[in-house]
Amino acid sequence: MMEPSKSIDSSGMDEFGYTQTLDRSIGKFASFAAGVSYISILTGVFQLFYFGFSMAGPAYAWSWPIVFVGQLMVALCFAELAGRYPVAGSVYNWAKRLASGTSAWLAGWLLLLSSIMALGSVALALQLTLPQLWSGFQFVGDGTGPYDFAMNGVVLATIMITISTLINAFGVKLMTRINSVGVFVELVAAVLLILALGWHVVRGPEVFFDTAGYGEGHDLGFFGVFLIGAMASGYVMYGFDTASSLGEETKDPKRTAPKAILRAVTASFLLGGLILLFGILAAPDLTDPKVGSVDGGLQYIVLSVLGGPFGKAFLVCIVVAVVVCTLSVHAAAIRMMFAMARDNNLPFSRQLSKVDPVRRTPTVAAIVIGVLAIMPLLINVMQPAIFTILSSISIVLIYLSYLLVTAPMLRNRLLGTWPGDDSDAGFSMGKWGLPVNILAVLWGGAMTVNLVWPRPEIYNSVPPFEWYLQWGGVLFVAAVTAGGALLYRLKIRHQTGVLPEHAASVAAHPSSGSAQQAGFAQQASSAETGVEDAKVP
């Protein structure tokens, strides 16, 4: 394990109470690519188009700009925090500086669980594309058996997660190089796909203003099915905080990370929105049931419109997008586990926070995350309804963890304890901070309720139809939140404190330093006594 420096750390990590143990080698494009690859428009839009379309038809596309505006409010808050605290496990470390120890631990706990579940869900997206590229990728049966589709998806996802584990364990340089190349391919492919679909448009934009009979018989009419279909957009546009979670490995992070966050969410909105727009306008027949089916969707439209080698080439680019998205989700989960473990806030913290002295990456955390992500996939073989619930819940937990940052941030603004303009900060919203923060909290609360609402279309869409499956989202979120809070209050909080091998030298915190620095020094020393660290202002 790497030993902390005994002199003042020139990397700036001593400001946050830690010594620099990770490899600071990520540049501007690689930081931007981390956020873009986590959002991954070619993964998310193609994976979930069929669902949004099947719920609300062409007009579901309006959910894309609505979700973007809401998530942009959150991204602006995160950019301001990234400009001050570019530390691994960003959401957890931000909450630690804004709220109580319990809230901060819950923010990290919920995001860690969601990232592990999301990793499996993303890797499963290969099943939607690879067999359409070549039937040889259907390793299990011929795809017509009752479990062929689900079991083959698990095989492909397991292979992908294993590869991702090896790459992430080898070091951040290899991961970011592969990720940057993949994102470049994804961006070029997205632009070319937009142009190709735009060239083959067969209808006008009036289709987006026609409910086309969707919502008939629903209690809330079209609005009710639109809220459900909007989840297809809500499930895609998140993860932009990854750029800051890799902050300890980024050059000039206080300025690089905020820009990367905002550029990632904006680029994803523009490219993803245009793909949705022209994909719907270019579809040969919007009444074709394959457009809204899991084995069809946007992939089916692309193959139908472009056909032959061109359609196949774009599907290859989708596979590339899934691969780099898997790498990015895995990398973000590793940093969250590492960040919580070095604060002694997880079981087996000393092992999970171990950094390879040569590769300078949390190798143990990479392996553990990979193993934990594969385990829930086995549920998908015989009980796809339960795995669908888990996949949906993973997104709920992400929005909830974001809310555990934006809500205390708003409270600090209202109490006048937010630092405001700071010459050392890499990004500031100035006078717009308060209204943006209010909108971010309102949006986060509304989306959390919409995502967790016990609708049968989400949480019990396939047999067996049981009440506990429909209420699975509410029950699971309540269980992991309450269980996590109890675990922290009864056990974890009594051991929390920066592990000595990760703590900045006390000499790096002069007696004349700020109260914040003194708080971090106290937190570092509390690791020896097992006393809970005081809340850092």
Side-chain angles (χ1 to χ4, degrees), residues 29 32-53 61 63-64 67-68 71 118-119 121-133 137 153 156-157 160 164 178-198 232-240 242 263-280 282-283 291 294-306 309-332 395:
F29 182 79
F32 161 75
V36 169
S37 60
Y38 197 122
I39 299 173
S40 190
I41 50 173
L42 290 188
T43 300
V45 171
F46 276 82
Q47 185 178 18
L48 295 162
F49 173 88
Y50 85 90
F51 173 78
F53 190 91
S63 65
W64 191 257
V67 169
F68 166 69
Q71 290 296 79
L119 179 56
S121 300
V122 169
L124 275 178
L126 290 173
Q127 177 62 25
L128 300 178
T129 303
L130 282 178
Q132 294 194 54
L133 270 173
F137 285 117
L156 293 175
M160 181 65 253
S164 176
I178 295 173
N179 193 60
S180 295
V181 172
V183 166
F184 180 77
V185 171
E186 183 175 1
L187 294 176
V188 171
V191 172
L192 293 176
L193 181 59
I194 290 167
L195 295 175
L197 291 174
S233 298
Y235 283 8
V236 177
M237 215 174 297
Y238 66 89
F240 36 81
T242 304
R263 287 170 180 169
V265 71
T266 303
S268 298
F269 159 70
L270 291 174
L271 295 176
L274 290 173
I275 289 174
L276 282 177
L277 172 69
F278 290 121
I280 291 172
V291 176
V294 67
D295 59 344
L298 199 52
Q299 291 93 325
Y300 176 70
I301 292 176
V302 170
L303 288 174
S304 300
V305 172
L306 303 182
F310 293 104
K312 296 283 187 180
F314 282 114
L315 291 190
V316 170
C317 294
I318 295 171
V319 172
V320 172
V322 173
V323 170
V324 295
C325 183
T326 304
L327 289 176
S328 185
V329 173
H330 201 155
I395 313 301

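- In this structure, the side chains of Val45 and Leu271 stay at 4.5 Å or more apart for every pair of heavy atoms.
- Of the possible polar contacts, none joining the Ser164 side chain to the Met160 backbone as a donor-acceptor pair under 3.5 Å is found.
- In this structure, the side chain of Ser328 engages the main chain of Ala34 through a donor-acceptor pair within 3.5 Å.
- Here CZ of Phe68 is found 9.5 Å from OG of Ser268. Values are rounded to the nearest 0.5 Å.
- In this structure, Leu126 and Pro131 approach most closely via the heavy-atom pair O-CD, 3.7 Å.
- Nearest heavy atom pair, residue Ala125 against residue Thr43, reads CB-CG2, 4.3 Å.
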Audit row: Thr129, Phe137, side-chain contact (heavy atoms from CB on, under 4.5 Å) steps and yes/no: CA-CA 9 Å; Thr129 303; Phe137 285 117; over 6 Å; no
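- Taking the side chain as every heavy atom from C-beta outward, Gln299 and Tyr50 never approach each other to under 4.5 Å.
- A side chain to side chain contact (heavy atoms under 4.5 Å, CB included) with Glu186 is found for one member of Val323, Val320, Val324, Val191 and no other, namely Val324.
- Annotation for Gly234 and Ile395: closest pair O-CG2, 4.1 Å, computed over non-hydrogen atoms.
- When every heavy atom of Ser40 is checked against every heavy atom of Ser37, the shortest pair comes out as CB-O, 3.0 Å.
- Classified by interplanar angle (parallel below 30°, tilted 30° to 60°, perpendicular above 60°), the ring pair Tyr238/Tyr38 is perpendicular.
- With sequence neighbours excluded, the residues satisfying ring-ring contact (aromatic ring centres under 6.0 Å, His included) with Phe29 are Phe32.
- A donor-acceptor contact shorter than 3.5 Å is absent between the side chain of Gln47 and the backbone of Val322.
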Only distances under 3.5 Å count here; give the side-chain donor-acceptor pairs of residues 310-318 to other protein atoms, sequence neighbours excluded, each with its distance to 0.1 Å.
| from | atom 1 | to | atom 2 | distance (Å) |
| --- | --- | --- | --- | --- |
| Lys312 | NZ | Gln132 | O | 2.7 |
| Lys312 | NZ | Leu133 | O | 3.1 |

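- Trp64 is not listed as a side-chain neighbour of Leu277, based on a closest heavy-atom distance of 4.5 Å or more.
- In terms of heavy-atom proximity, Leu306 sits nearest to Ala196 at CD2-CB, 3.8 Å.
- Of all heavy-atom pairs between Ala190 and Ile275, the closest is CB-CD1, 4.1 Å.
- The structure places CG of Leu48 at 11.0 Å from CG of Leu298, a figure rounded to the nearest 0.5 Å.
- A 4.5 Å side-chain heavy-atom check between Phe49 and Ile301 finds at least one atom pair inside the cut-off.
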